[in-house]
Undergrad: 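I'd like to ask some things about the structure below.
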Amino acid sequence: MELQADSALTKRENQIAGLAACGLAKKEIADKLGTAYGTVNVQLDKAYKKTGTSKLNELGTWWINRVFTLNIDFKQLQKSLIALSFLGIIAFQIAFDCNNDINRSRRARIRRNRIEEVYEL
């Protein structure tokens with residue numbers, strides 16, 4: 001789904017998006033605004049459709065980007081985060097494999113020493 005940067009939210013949807021940007025959960029937003037949980041869900045669904053988001057944290061990020069006019073390219077940010085995630089996985093795998101090689105070489109030395117000790121007797 002494409003993010004809509006020029007979408008206009010209603011006053012209540014804007015309040016909900018702002019509270020989502022603060023990290024509040026749906027239940028906390030409902031308590032803070034003094035409305036029912038179901039009402040918050042309905043308002044969120046409308047805001048999701050207008051902004052092209054599908055999650056509460058995405059809506060909050062969209063709201064921050066719009067209010068503070070950050071003009072962040074979310075697609076590029078997403079690509080960068082995915083690339084960094086893969087890099088982290090690869091680095092971890094390399095480190096883990098090197099650790100196994102060290103353990104294998106220690107085991108080989110121990111086996112050689114035991115064999116040599118056996119031959120010395």
Undergrad: Please identify which of these residues, Ile16, Leu44, Thr35, meets the side chain to side chain contact (heavy atoms under 4.5 Å, CB included) condition with Ile29.
TA: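 Considering Ile16, Leu44, Thr35, a side chain to side chain contact (heavy atoms under 4.5 Å, CB included) with Ile29 is found only for Ile16.
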Undergrad: Hey, mind stepping through Lys46 and Glu13 against salt bridge (charged side-chain N to carboxylate O under 4.0 Å, His left out) and telling me if it holds?
TA: CA-CA 8 Å; Lys46 290 178 183 178; Glu13 291 167 350; 5.6 Å; no
Undergrad: For Lys55, enumerate each residue passing the side-chain contact (heavy atoms from CB on, under 4.5 Å) test, keeping only those at least two apart in sequence or located in another chain.
TA: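 If we apply the side-chain contact (heavy atoms from CB on, under 4.5 Å) test to Lys55, skipping adjacent residues, the hits are Asn57, Glu58.
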Undergrad: Do you know the tightest heavy-atom contact between Gly60 and Ala21?
TA: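 Minimum heavy-atom contact is O-CB, 3.5 Å.
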Undergrad: Are Val67 and Ile64 joined in one hydrophobic group, where the rule is that I, L, V, M, F, W and Y side chains link up if heavy atoms are under 4.5 Å apart?
TA: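 As far as the 4.5 Å side-chain criterion goes, Ile64 and Val67 are connected within one cluster.
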Undergrad: Would you check if the side chain of Thr51 reaches a backbone N or O of Ala47 as a donor-acceptor pair within less than 3.5 Å?
TA: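 Side chain of Thr51 to backbone of Ala47, a donor-acceptor pair under 3.5 Å: yes, one is there.
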Undergrad: Do Tyr37 side-chain atoms and Asp31 backbone N/O form a donor-acceptor pair below 3.5 Å?
TA: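 Looks like no, no N/O pair under 3.5 Å.
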Undergrad: To the closest 0.5 Å, what do you measure between OG1 (Thr39) and CG (Leu33)?
TA: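 Spacing of OG1 (Thr39) from CG (Leu33) equals 10.0 Å.
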Undergrad: What heavy-atom pair brings Gln43 and Thr10 nearest, and what distance separates the two atoms?
TA: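 For Gln43 versus Thr10, the nearest heavy atoms are OE1-OG1, 4.2 Å.
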Undergrad: State which residues pass side chain to side chain donor-acceptor pair (under 3.5 Å) with Asn14; sequence neighbours excluded, sorted by chain then number.
TA: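 Asn14 satisfies side chain to side chain donor-acceptor pair (under 3.5 Å) with Trp63 once adjacent residues are dropped.
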Undergrad: Would you name the heavy atoms of Ala20 and Leu56 that are closest together and state the gap between them?
TA: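 So the minimum-distance heavy-atom pair works out to CB-CD1, 3.6 Å.
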